[in-house]
Colleague: 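Mind having a look at this structure? Questions to follow.
Chain identifiers are assigned alphabetically (A, B, ...) following the order of the sequence lines, protein sequences preceding nucleic acid strands; residue numbering begins at 1 within each chain.
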Amino acid sequence: MRRLVSGNEACAEAALRAGIRFFGGYPITPSTEIAELMAEELPRVGGVFMQMEDEIASIMAIVGASAAGVPSMTATSGPGFSLMQEGIGYAAMTEIPVVVVDVMRGGPATGLPTKGSQGDLQQARWGTHGDHPVVVFAPRGVEETFALTLRAVDVSERLRVPVILLTDEFIGHMREIVSFPSRVEVYHRQRPRVASSEYVHYAEENNYNAPYASYGGGYAIHLTGLTHRADGFPINDAPTIRWNNERLRAKIEDNLAYLEDNYIDDDPDADTLIVAVGSSARSAYEAKLLTDKPLAYIRLLTLWPFPDATIHRLARGRKRVVVPEMNDGQLCREVQRCLSGDTELVSVTRNDGSMLTPQEVLEVL
Amino acid sequence: MRRLVSGNEACAEAALRAGIRFFGGYPITPSTEIAELMAEELPRVGGVFMQMEDEIASIMAIVGASAAGVPSMTATSGPGFSLMQEGIGYAAMTEIPVVVVDVMRGGPATGLPTKGSQGDLQQARWGTHGDHPVVVFAPRGVEETFALTLRAVDVSERLRVPVILLTDEFIGHMREIVSFPSRVEVYHRQRPRVASSEYVHYAEENNYNAPYASYGGGYAIHLTGLTHRADGFPINDAPTIRWNNERLRAKIEDNLAYLEDNYIDDDPDADTLIVAVGSSARSAYEAKLLTDKPLAYIRLLTLWPFPDATIHRLARGRKRVVVPEMNDGQLCREVQRCLSGDTELVSVTRNDGSMLTPQEVLEVL
Amino acid sequence: MASAKASGKKHSFTPMVHTYLRMDNRFPHVWCPGCGIGILFAALIHALHELNIPKDKILLASGIGCTSRMPGYLDTDTFHVLHGRALAAATGVKLARPDMEVIVVGGDGDMLAIGGNHFIHAARRNIGITCIVLNNYNYAMTGGQQSPTTPRDMFATTAPYGTIDDPADACSLAEASGAAFVARTTTYNFVQLKRFVKTALSRKGFRLIEVVAQCPTIFGRLNRMPATKDLITWIKGHTVTLEAAKKMDADELRDKIVTGVFVDREVEEYSDRYARLIKKVRNAH
Amino acid sequence: MASAKASGKKHSFTPMVHTYLRMDNRFPHVWCPGCGIGILFAALIHALHELNIPKDKILLASGIGCTSRMPGYLDTDTFHVLHGRALAAATGVKLARPDMEVIVVGGDGDMLAIGGNHFIHAARRNIGITCIVLNNYNYAMTGGQQSPTTPRDMFATTAPYGTIDDPADACSLAEASGAAFVARTTTYNFVQLKRFVKTALSRKGFRLIEVVAQCPTIFGRLNRMPATKDLITWIKGHTVTLEAAKKMDADELRDKIVTGVFVDREVEEYSDRYARLIKKVRNAH
Amino acid sequence: MRTEIRLSGRGGQGLILAGIVLAEACGVYEDKQVVQTQSYGPEARGGASRAEVIISDGQIRYPQAYDPDILVALSQPAFDRFAPKIKKSGLIFADSFYVHTDRKDVVLMPFSETARNEIGREVVTNVVMLGALSAVTDIVKLESLKKALKHRVRSAFLDLNLRAVDAGYKLGKEIWKKRSS
Amino acid sequence: MRTEIRLSGRGGQGLILAGIVLAEACGVYEDKQVVQTQSYGPEARGGASRAEVIISDGQIRYPQAYDPDILVALSQPAFDRFAPKIKKSGLIFADSFYVHTDRKDVVLMPFSETARNEIGREVVTNVVMLGALSAVTDIVKLESLKKALKHRVRSAFLDLNLRAVDAGYKLGKEIWKKRSS
Amino acid sequence: MKLKRKAFPVTTIEEPKGFIHIYPDLCKGCELCVVLCPKDILALGDDLKVHVVNPTDCIACYLCEWHCPDFAIFIEKKEQKES
Amino acid sequence: MKLKRKAFPVTTIEEPKGFIHIYPDLCKGCELCVVLCPKDILALGDDLKVHVVNPTDCIACYLCEWHCPDFAIFIEKKEQKES
Ligand SMILES: Cc1ncc(C[n+]2csc(CCOP(=O)(O)OP(=O)(O)O)c2C)c(N)n1
Ligand SMILES: Cc1ncc(C[n+]2csc(CCOP(=O)(O)OP(=O)(O)O)c2C)c(N)n1
Ligand code: SF4
Ligand code: SF4
Ligand code: SF4
Ligand code: SF4
Ligand code: SF4
Ligand code: SF4
Ligand SMILES: [Mg+2]
Ligand SMILES: [Mg+2]
């Protein structure tokens, strides 16, 4: 069904269809509409919307609800996203699936509440202390917000990781036509199939689609943010810590193929590669179409884990790589890591609350 | 005077001698001794120690005290550092000098409270939302904790930026001999020399050692975390935002020479370069000494801004760059950006609460 | 309608209130027509003026929200902090500069939702701050979400079916936390409002004034009182004095705005205590 | 000293309390000799047992601290959340699984300092949680820093000259926030402690029990009461019942631990309200 | 073909709703590609208001207007701000009550007066305007607008809005005839 | 020359203070390079306790013990855990009251009994042990230990501690003589 | 930091008991003063700004000034002669 | 998640009114039970664990069990015959 909806509306709709049944949130421009829609719709499907006292409470409430078996989500913007960081790390450590939507606005601090940016690309990866697995998706528009919200819920439930959806004010408040699928396939987390005495909450092989227990399921599980053993209880010994770190890393790295998602428009004749993400990719691609020069193009739908190998491969032998974005060059740093030889790296940035224009990208092509 | 002190003691002592007269904090292992010492010593020098209700209150209280003219500091570890991120961004945006000490422990979440790590290297740069200037120092031991705490206060007051000191549990709780200087030169922030009607709080040239007004100084200043004009009042227009972003970036970039600080032990015959930071650099350097092979070595005392150019220069033409650290490879990513040609990059990591050993580094040399 | 002609003779008059404002081209201010925030602002300025507090000793701090836009307009030192964090930052200011008159103003969301912890702890410490909570029953700045004070069964964009939460009572919380002065009034009663602010400014320690105020644009509209006068009438109709309230039972009081002074006691202000501590420690040396 | 000889006949007895514990090789537990936390733990287990609450319906959640190590030992679903955040996470659990008996336990720092905001809001909402604050007057886990409840003039590592803050009163705060049940007791009075926990578990809405407990290792040592019995005696000596307290003036009450039930009223639990909301919305369709 | 339409005026004139209805009419009921955006001032309330609709046969990437093909201005400040930025070949429609100009290329139309006088409610000025746009340009069909209105407007106000869009359509046709002749 | 010393036992035996005093004696009063570290269990209280001191003429980089040259064990669990990890050429000193072993290379000394019986306070076991170390090894001079004790110990307890270090020194000399003969 | 003060035009109406000063550029036409004036002195004009429509009855009670959220209307009371 | 339960040895002392069960491995010797016992039944031994030193007077009042922070001492009351 074709409908005209905003990015925030598409996000809420997808969340509901993906089976999100608990939303804990705190209003913040430009994400508020997501909460408002969830407040209206969740009770209709028997779910719960809670406006919590702040963003810390919001992330922890969804962590709690998810630990109790209910797929859960929150939505926020920069200042709230900063406040949620400790809780996101907790979700990563305890392997509780949650979806956190960050509708980016200008920052830092209160910044530019009503204008968009891509200022949180690196924060989405590094915002919390300690090394930790995290998956981040970044749509370029409304239809993709719908699709990637579905995917965020799916990945988070399957891999037991916090998944972050990075949209921005431009996308959140923009309306486009979405062809809503009549049916959405939803993955339901599996309860353990073994007896409580046999069950190991953090077993080695708990990687993808593994069953796991939730509160109230009769498995007497213990969840802690301390470093823990496979059975969930705290430890302090180096080998177990290493084992667990390894497991967490493997969850992401063993599933790279499943997680990686790029739109690639390669051109063997091109001596320039464009690497883009999110809403600014619209301008980047428009610029590509506005010139006759052969250009290779990649857009990252999965921002983290970063597709090092793919970019390395695409960039190899090119003269230049152009990275347009709406911040001070955050994506560019990552691309820089993936280059070899003497490929020239061109950063095109705009960071003033207005959208990067195709012309600005065109100038350097 | 030679004294045996711990890293945390050296930090507190340096803070007092550098003129810190307000400390707002919340206890957390392994940083707590800093707060405890400040609680004891500050009243003796007429300063104020406040145990706040949490880390958010701590960072905001020091922001307030510093805005009112008193050099201010807090100390914490991972979980608290995560909670402080929004406030650190606020200090960056409003250009209020504060020093934040993060005594790193194992993470994420509650993690490994009593064991060290270097898990917050990237968070120190990217923890808050939005692009923002930040300066980060990383000592390798007790004596350097003393020196870099002095420097942190100095830089923060001169540049009006939040400065982060990254130590870790190993350093914080280790005791070494420090030769305390009998006198420490302290930079005192300058009050404006113009009348209130002439004063512009965020003038273009306010870059290094520029005078600036504090509360109670008769300048009726307005500080806000919203994007603002030179006079401090909120704006929304792209050119002014760009102008201000540029200013903030320039504060760091125009002062790179002053900010950069590395220990370099180059060797023209070496085909391998070691890049190290903080406490793990001790093992890295020990490994270097344990082998006869010629090795080039750089240790970053200033972690951020990252010394891209210096590392690029040192790595050029080498066969290999080895990056030992106690996390999952956070420093290594940055080094990767600085390499060109086909220099091989070797990441040596240990992330289990124990210190990386010289042998582990030696193995790859 | 006859438009009155301007007085002929040259007449020089500068409103006192204007002399306290940054009367630049950012005026008229951002607040909506009929919004109660301006009335509180006027009362605050009157109080500061009548108490003759030197302008360069005043700090007005706030968090984020409609109410929290106030500091931008007052011609003194002003501090527009993060959402919810004004009291924490103001605590730092007060301890750094105990000679300053530190005033914190904020909305019900700012002070009681995200800022709730700082609120109870500032009150407990009795740090020398005059704290004014403008309670317009909703998160106005972000478009009318439920706040901790939204009365039961009223509407907000995040309470489309009416709230099911019981509202928070800022005055009870401040009292339970140990604040030195606690009072509530409304923008409908300017004289009382100004008097309470003046009294608060004359006391020591943590002083709370909760001011119920109209937000016609959002709260009014969402609750079928779109005109300022509807909302002012609603506020007036729900107001009972503390004396009258004492004679009413819990049921009758459920949806009432009880105005009056709840606490007024002498305390030693926190920065004075700290000064005493410093003296003690130094003397012991 | 004569060591009594073991009873000869084969005797099979399993302590009820042990059947509620994860009696593995992590025992003896982490708490210091004489620490009051274990006493509260025993009382909680007795209460759960006597009320016959099915084990697989119990969730015990906590933040971080000595007290907060409790969940690791109870053989039910347990949740060791972040410092200060147990109530927020438990709110999520309760709304996801209203059929569960959600109990949150935490220290004075965890619940009243960093967790203060969640505390007042959970109480305001009357979410169905039994909340137990173990008040040992300090941050024990981190080595004895001042907590919001440290009494005036007592010592802590961050109050080396004695505290100058007035202490927070968890019960007053919960009452001011609207909690359904509020009571205080001490580990010295096991019978009352168990009774209060049982009563709380039988009520609806947000229920607070504050339990004053000895921390001999840290708080005791810092305040010249290193032996458990000194501290227990101190607690006993400062305890007055609510009835007795009513006859005392503020001065006499200053350093007293008032025990008793402060609030016990019927409320509609938050998740029940939400269930009603869902029903209403769905019927309207 | 990409057509850029900017609807401008002051807060409260319903420009964002107009943008949505227009975008939905084209996008859902005429199967074109559309993107609708708006911009808020720092205060999200009051002040200037503006909505943009991009209509295209193909995919729309850059979602904002470069140089609008069509500008509608319902207030003087909006007119003053945006009229100079319009494409050479662009069309400007302005409310004849609120906007004063000497520019001959500007099509002044009594949107608000029509709403007030014919429908009796100034609030439907936005919908009158849409009706007129449909009459004088080929960006959207009247029928599609009506379908979109049915979807977007609360039923209690639907009739009012349908009358307004018809009135606007009629107005547009008349004025266009006059101008063309 | 790098000498690594590990002091181990259980919480409450004052091993960390012993490490500090030893490090200060060598580092401040004998001008050597020292690093003192300790390790906490997860609970920071009770359980095993361990302090390490590295003493060197040159700069000390890696601050922890690889293979201690000297191990002191004041409790059985500590002995059991660390004794196997000692260097071939290393020395092990263990408290003869708390530690039982068949190993002949281990030097058993009545640290705690000396503290209890000669000084009357078991709490100074740690200081007795330092005195003995000074007597039987060349890592630190008795005088330096006394200076460090003066700096680190509260004056009310100083006398007690000085007596303890002397008693330990005497004990060390005696035992060593016995062993050597 | 002194901002450049803007001079806003003022309209002053003399009444028997005092002067009413109105700043039209500041008035947002919220009608609060109109509603609260006990003497029906004020009304909104076609320009949606406040105007004095009853130029004799003002009792200088300040209710309009105090409740104007926009600092747009001020009362200057005439000195009462001591009788 | 069931943890492997460890069997801790128990020492049982029969008293006229009931049995006293002590788990030496759990007892930390805090002396709370000793201090609170109204009948001086208990004392710490050289091993710093609790022991029964007065094997006849126990009134099975449970004070020791209830206040033991370590779940180390339990009272099993004998059934009283209905008289
Ligand atoms: C950390 C953070 N979360 C959320 C916001 C968004 N926000 C801005 S103001 C506000 C609430 C305003 O409500 P209130 O404090 O009652 O003030 P009012 O606007 O009603 O005067 C919110 C949620 C923010 N700026 N920062
Ligand atoms: C965000 C964060 N800040 C600080 C800490 C450190 N910390 C752990 S427990 C604790 C306080 C414990 O005190 P309390 O809650 O009273 O519990 P107790 O140990 O006394 O039972 C603190 C400050 C932490 N883990 N996380
Ligand atoms: S939205 Fe409400 S509170 Fe905000 S300015 Fe408008 S009327 Fe006032
Ligand atoms: S430190 Fe205090 S609270 Fe913590 S376990 Fe020991 S006695 Fe109990
Ligand atoms: S002063 Fe009083 S009487 Fe006069 S205009 Fe104002 S409100 Fe009316
Ligand atoms: S109260 Fe003020 S803003 Fe409102 S109409 Fe009167 S003068 Fe104008
Ligand atoms: S049951 Fe009572 S009398 Fe018997 S040992 Fe225990 S405390 Fe003593
Ligand atoms: S109370 Fe328990 S732990 Fe303490 S001595 Fe008695 S039995 Fe042992
Ligand atoms: Mg509000
Ligand atoms: Mg405590």
Colleague: Taking the six-membered ring where the residue is Trp, are the ring centres of G/Tyr23 and C/His18 under 6.0 Å apart?
Modeller: yes
Colleague: Is C/Thr228 close to chain G through its backbone or its side chain, or both, or neither, when contacts mean heavy atoms under 4.5 Å?
Modeller: side chain
Colleague: Would you mind reporting whether G/Trp66 and C/Ile39 have side-chain heavy atoms less than 4.5 Å apart?
Modeller: no
Colleague: For C/Lys55, does the NZ atom sit with more than 12 other heavy atoms under 6.0 Å from it, leaving out its own atoms?
Modeller: yes
Colleague: Provide the closest heavy-atom pair for C/Tyr188 versus G/His67 in the form atom of the first, atom of the second, distance.
Modeller: O-NE2, 3.0 Å
Colleague: Tell me, for G/Leu36 versus chain C, whether the close heavy atoms (under 4.5 Å) come from the side chain, the backbone, both or neither.
Modeller: side chain
Colleague: Between C/Arg22 and G/Lys4, is any pair of side-chain heavy atoms under 4.5 Å apart?
Modeller: no
Colleague: What distance do C/Phe27 atom CZ and G/Leu3 atom CG have between them, rounded to the nearest 0.5 Å?
Modeller: 10.0 Å
Colleague: To check you understand the geometry: which heavy-atom pair defines the closest contact between C/Asp24 and G/Phe8, and what is its length?
Modeller: O-CZ, 3.7 Å
Colleague: For C/His29 and G/Asp70, work out which heavy atoms get closest and say how close.
Modeller: CE1-OD1, 2.9 Å
Colleague: On a heavy-atom basis, which atom in G/Lys28 and which in C/Pro28 lie closest, and how many Å separate them?
Modeller: CE-CB, 3.8 Å
Colleague: For the residue pair C/Gln214 and G/Leu32, what are the closest heavy atoms and their distance?
Modeller: NE2-CD1, 3.5 Å
Colleague: How about C/Lys236: does its NZ atom have over 12 heavy atoms from other parts shown lying under 6.0 Å from it?
Modeller: no
Colleague: Are the aromatic ring centres of G/Phe71 and C/Phe41 under 6.0 angstrom apart?
Modeller: yes
Colleague: Is it the case that atom NZ in C/Lys57 sees more than 12 heavy atoms from other parts of the structure closer than 6.0 Å?
Modeller: yes
Colleague: Please rank C/Lys194, C/Met23, C/His46, C/Arg26 by heavy-atom pairs under 4.5 Å with chain G and give me the top one.
Modeller: C/Met23
Colleague: State the CZ-CZ distance between C/Phe13 and G/Phe19, to the nearest 0.5 angstrom.
Modeller: 10.0 Å
Colleague: For C/Asp75 and G/Arg5, work out which heavy atoms get closest and say how close.
Modeller: OD2-NH1, 3.7 Å
Colleague: What's the spacing between G/Cys30 SG and C/Trp31 CH2 if we round to 0.5 Å?
Modeller: 13.5 Å
Colleague: Checking C/Lys229 against G/Val34 for the side-chain contact (heavy atoms from CB on, under 4.5 Å) test, could you report, in this order, the C-alpha distance in whole Å, the side-chain angles of both residues, the deciding distance, and whether it holds?
Modeller: CA-CA 10 Å; C/Lys229 57 180 170 236; G/Val34 176; over 6 Å; no
Colleague: Side chain, backbone, both or neither: which part of C/Ile232 has a heavy atom under 4.5 Å from chain G?
Modeller: side chain
